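All ligand and atom numbering here is 1-based and tracks the order in the structure. It should be emphasised that the depicted structure is a prediction, and the values quoted were computed from it without experimental measurement.
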Amino acid sequence: MPILSYLRTATTALPAVITIILLTIDAFGHSADFDFDSTSPNARVWFSEFVPAGTNVTFPDNDPTCARSSQVVLTDTCRIAMFIPTSERSNISFEAWFPRNWTGRFLSTGNGGLSGCIQYEDMAYASALGFATVGANNGHNGTSGRPFLNNSEVVEDFAFRSMHTGVLVGKNLTETFYGSPHNKSYYLGCSTGGRQGLKSVQDFPEDFDGVVAGAPAADFNHLLDWSGHFFNITGNSSASTFLPTDQWINLVHPDVLAQCDDIDGVKDGIIEDPNLCEYDPTGLICEEDGGTNANATGCITQAQAGMIKEVYLPFYIEGELAYPRIQPGSESLPIFYTGEPFVYTADWFRYVVYNDPSYDVDTLSEKDWALAAELDPIDISTWSGDLSAFRDRQGKVLTYHGQADGLISSKNSERYYDRVSDTMGLNSSELDEFYRLFRISGMGHCSGGVGAWEIGQTLAGSGGETSVDELNLDPASNVLMAMVRWVEEGVAPETVLGTKYVDDTVSEGVAFARAHCRYPLRNTYDGTGDYTKEESWNCLEVDQ
Ligand SMILES: *[C@@H]1O[C@H](CO)[C@@H](O)[C@H](O)[C@H]1NC(C)=O
Ligand SMILES: *[C@@H]1O[C@H](CO)[C@@H](O)[C@H](O)[C@H]1NC(C)=O
Ligand SMILES: *[C@@H]1O[C@H](CO)[C@@H](O)[C@H](O)[C@H]1NC(C)=O
Ligand SMILES: *[C@@H]1O[C@H](CO)[C@@H](O)[C@H](O)[C@H]1NC(C)=O
Ligand SMILES: *[C@@H]1O[C@H](CO)[C@@H](O)[C@H](O)[C@H]1NC(C)=O
Ligand SMILES: *[C@@H]1O[C@H](CO)[C@@H](O)[C@H](O)[C@H]1NC(C)=O
Ligand SMILES: *[C@@H]1O[C@H](CO)[C@@H](O)[C@H](O)[C@H]1NC(C)=O
Ligand SMILES: *[C@@H]1O[C@H](CO)[C@@H](O)[C@H](O)[C@H]1NC(C)=O
Ligand SMILES: *[C@@H]1O[C@H](CO)[C@@H](O)[C@H](O)[C@H]1NC(C)=O
Ligand SMILES: *[C@@H]1O[C@H](CO)[C@@H](O)[C@H](O)[C@H]1NC(C)=O
Ligand SMILES: *[C@@H]1O[C@H](CO)[C@@H](O)[C@H](O)[C@H]1NC(C)=O
């Protein structure tokens, strides 16, 4: 049983680090008595340092593909970096950032894509908010899936063990460092980080009291299958079906908006509920190809129209629904239509499914999709609908998903919610007690987009990139603080107030705001008010 063997590693590992931590504690003027026996240390501290507020920390050893070479630390922080073996053939790099202004809260950050990268910006954010914050590298360095090759231990770190290890070690260090245990434990992550949050809720219900999981990469194997199947639909860049990226953005997206933007009653470039959009590209077909579009430069062929229709269909494997459709609206930031196999899918099949770096990913087809799902290494699917253990210990989980997400279909978060509802036999008012899903209109993958997408999910956009004093701590418009209030005061968020800043720059002021509703309620314009004001919209029940 891998979890147990890990636990032994983690608990025997810590004592060796304590003398180094003592030095750091001195920097804060704390004092505490330690009584550890330092036997068989497996973990070791690389270094610990005191980082004064405002320091621009650089990470010279960090893998360049992580694209995180520096981070401004916003508050007085003790930074501890450790190496922790997770098996004989795997290990994690782990960091704990302990702020002087501790609130008694603990938080783990997550990762993204197939990485391999500590998200320093999230560590800076949470520590500035007063959380004792940890992060780990998910068992490998960099964004490539290559370290998975022939090493299921690294896959196991990626599936759950890196983060769970970081949580256990981090909670222990927190108590050691501050001299009292944390009061409440939180999680904040998006994408793969969203999947990691759900993994904890499903399988490690003791790890957190409150989990904020954005755009979760849940049903992971089917997600990668689905990501890969678009190449088969679009064909490569010389196929008759292929449509260049700029035409997705400049031709298809405006046509989608022309058909679907005003379904919600407001033409603002935001499709409030893409489930209501049944897009038909036929009107873009050129006159000379039998269509009605006389604009020779801005028209498409019959073959391209057929391809576009197929792109927006749900994804079936061997006749069964495997993953929902990509939502119309997401083509404003297209990702899958490059005419090449999607990189994460390619890596996953080469380095995990087939353990063959030279595998020809151009030929992947239905039998490969089925095999990947069947393999489901280390239960990475993260698809269990039974959250009763987490619910029973009063855990709360908030998921959010951008409705214009071009990387992970927002429809899949509804599908997971419905799955939990079916599995646990709970209707939405019963799920509301511990699990809420917010649909963020006009938001792309985790952040960005034309909608009111700033919801406190990251440091960027929370107003505090340069100073702690400017951070937005309002639970109405900050999902993390909303979770803190839910856990600690029992006040659950009814809506999440999103903000759109002018040019997405906080200092330039607010362009508009919109209160995003929890699923299955639908945000509905009142028909008369100023649509840039949140009070002109209401969360209404709909027939699904
Ligand atoms: C932390 O781990 C060490 C080593 O296993 C153990 O002796 C200590 O009791 C733990 N501390 C806490 C607060 O769990
Ligand atoms: C932090 O330092 C790095 C490397 O010297 C530099 O590229 C970056 O611009 C600095 N960041 C800030 C906010 O000053
Ligand atoms: C610590 O918190 C106090 C009170 O909230 C605040 O005034 C101070 O600026 C904070 N210090 C740091 C270093 O964050
Ligand atoms: C960490 O694990 C990797 C395999 O994922 C291995 O190549 C590396 O040598 C290990 N590092 C140490 C210091 O053991
Ligand atoms: C933990 O919560 C208790 C009760 O609310 C409070 O008295 C204590 O100060 C908190 N601990 C920390 C470290 O904030
Ligand atoms: C990751 O990089 C660090 C150096 O930053 C290195 O010490 C560690 O062994 C690497 N981990 C793996 C799994 O290769
Ligand atoms: C991976 O394992 C397979 C089967 O054991 C072996 O044939 C192959 O050489 C290994 N590849 C690498 C890069 O180690
Ligand atoms: C999609 O896959 C099918 C079955 O493997 C194949 O016949 C077809 O040519 C592929 N289409 C494209 C555009 O790659
Ligand atoms: C596209 O696929 C066709 C058929 O497999 C192949 O002949 C052609 O070289 C490919 N073109 C590109 C740009 O990859
Ligand atoms: C034709 O389509 C192009 C590209 O979409 C567009 O820039 C142009 O304005 C269109 N011309 C007319 C007359 O509609
Ligand atoms: C959900 O179920 C509870 C208990 O059966 C019931 O009281 C409540 O009315 C239901 N709510 C909805 C929205 O169906």
Visitor: Is NZ or CZ of Arg195 both nearer than 6.0 Å to the six-membered ring centre of Phe158 and within 45° of the ring axis?
Guide: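 Flagged: Arg195 positioned over aromatic ring of Phe158.
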Visitor: When you measure from atom 4 (C) of ligand 9 to every protein heavy atom, which one gives the shortest distance, and what is it?
Guide: Asn236 ND2, 4.7 Å
Visitor: Atoms of ligand 9 less than 4.0 Å from Ser237 heavy atoms?
Guide: 13 (C)
Visitor: Looking at Glu88, I'd like to know if its CD atom is crowded, meaning that more than 12 non-hydrogen atoms belonging to other residues, nucleotides or ligands lie closer than 6.0 Å.
Guide: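 It does not: Glu88 CD has 12 such atoms or fewer within range.
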Visitor: I'd like to know whether Thr109 forms a side chain to side chain contact (heavy atoms under 4.5 Å, CB included) with Tyr120, so could you lay out the CA-CA distance, the side-chain angles of the two residues, the decisive distance to 0.1 Å, and finally the verdict.
Guide: CA-CA 9 Å; Thr109 62; Tyr120 291 111; over 6 Å; no
Visitor: If only side-chain N and O atoms count, and only distance matters, is there a donor-acceptor pair under 3.5 Å linking His164 with Ser200?
Guide: no
Visitor: Is atom 14 (O) of ligand 4 less than 4.0 angstrom from some protein heavy atom?
Guide: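 Neighbour list for atom 14 (O) of ligand 4 includes protein heavy atoms (cut-off 4.0 Å).
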Visitor: Should you measure from each heavy atom of Phe83, which atoms of ligand 4 turn up under 4.0 Å away?
Guide: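 Ligand 4 atoms under the 4.0 Å threshold to Phe83: 11 (N), 12 (C), 13 (C), 14 (O).
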Visitor: Within this structure, what is the CG-SG distance for the pair Asn111 and Cys190, rounded to the nearest 0.5 Å?
Guide: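 One gets 12.5 Å once the value is rounded to the nearest 0.5 Å.
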Visitor: Do me a favour and list the nearest non-hydrogen protein atom to atom 7 (O) of ligand 2 with residue, atom name and distance?
Guide: Ser70 OG, 4.7 Å
Visitor: Protein heavy-atom contact under 4.0 Å for atom 11 (N) of ligand 2?
Guide: yes
Visitor: Could you walk me through whether Arg68 and Gln119 satisfy the side chain to side chain contact (heavy atoms under 4.5 Å, CB included) test, starting with their C-alpha distance in whole Å, then the side-chain angles of each, then the deciding distance to 0.1 Å, before giving a yes or no?
Guide: CA-CA 8 Å; Arg68 287 173 174 90; Gln119 303 201 160; 3.7 Å; yes
Visitor: Thr58 versus ligand 2: do any nitrogen or oxygen atoms come within less than 3.5 Å of each other?
Guide: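 By distance alone, the answer is no.
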Visitor: Look at atom 9 (O) of ligand 2 and say which protein heavy atom is nearest, naming residue and atom and giving the distance to 0.1 Å.
Guide: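 So the nearest neighbour among protein heavy atoms is Asn56 ND2, 4.7 Å.
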Visitor: At a non-hydrogen distance cut-off of under 4.0 Å, which region of Arg89 contacts ligand 4 (side chain, backbone, both, or neither)?
Guide: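 Just the backbone.
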Visitor: By number and element, which atoms of ligand 2 are closer than 4.0 Å to a non-hydrogen atom of Val72?
Guide: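 Ligand 2 atoms under the 4.0 Å threshold to Val72: 13 (C).
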Visitor: I'd like to check which ligand 4 atoms, numbered from 1 as shown, lie under 4.0 Å from a non-hydrogen atom of Val154.
Guide: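 Matching atoms, with element in brackets: 5 (O).
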Visitor: Specify whether Tyr312 and Trp248 have parallel, tilted or perpendicular ring planes, treating 30° as the upper limit for parallel and 60° as the lower limit for perpendicular.
Guide: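 Rings of Tyr312 and Trp248: perpendicular, over 60°.
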Visitor: State which residue, out of Arg161, Lys199, Arg89, fulfils the salt bridge (charged side-chain N to carboxylate O under 4.0 Å, His left out) condition with Glu156.
Guide: Arg161
Visitor: Starting at CZ of Phe208, measure out to OH of Tyr186 and round the result to the nearest 0.5 Å.
Guide: 12.0 Å
Visitor: What do you think, any protein heavy atom under 4.0 angstrom from atom 2 (O) of ligand 4?
Guide: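 Yes, at least one protein heavy atom sits under 4.0 Å from atom 2 (O) of ligand 4.
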Visitor: Any atoms of ligand 4 less than 4.0 Å from a non-hydrogen atom of Asn91? List them with their elements.
Guide: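 Close to Asn91: 1 (C), 2 (O), 3 (C), 8 (C), 10 (C), 11 (N), 12 (C), 14 (O).
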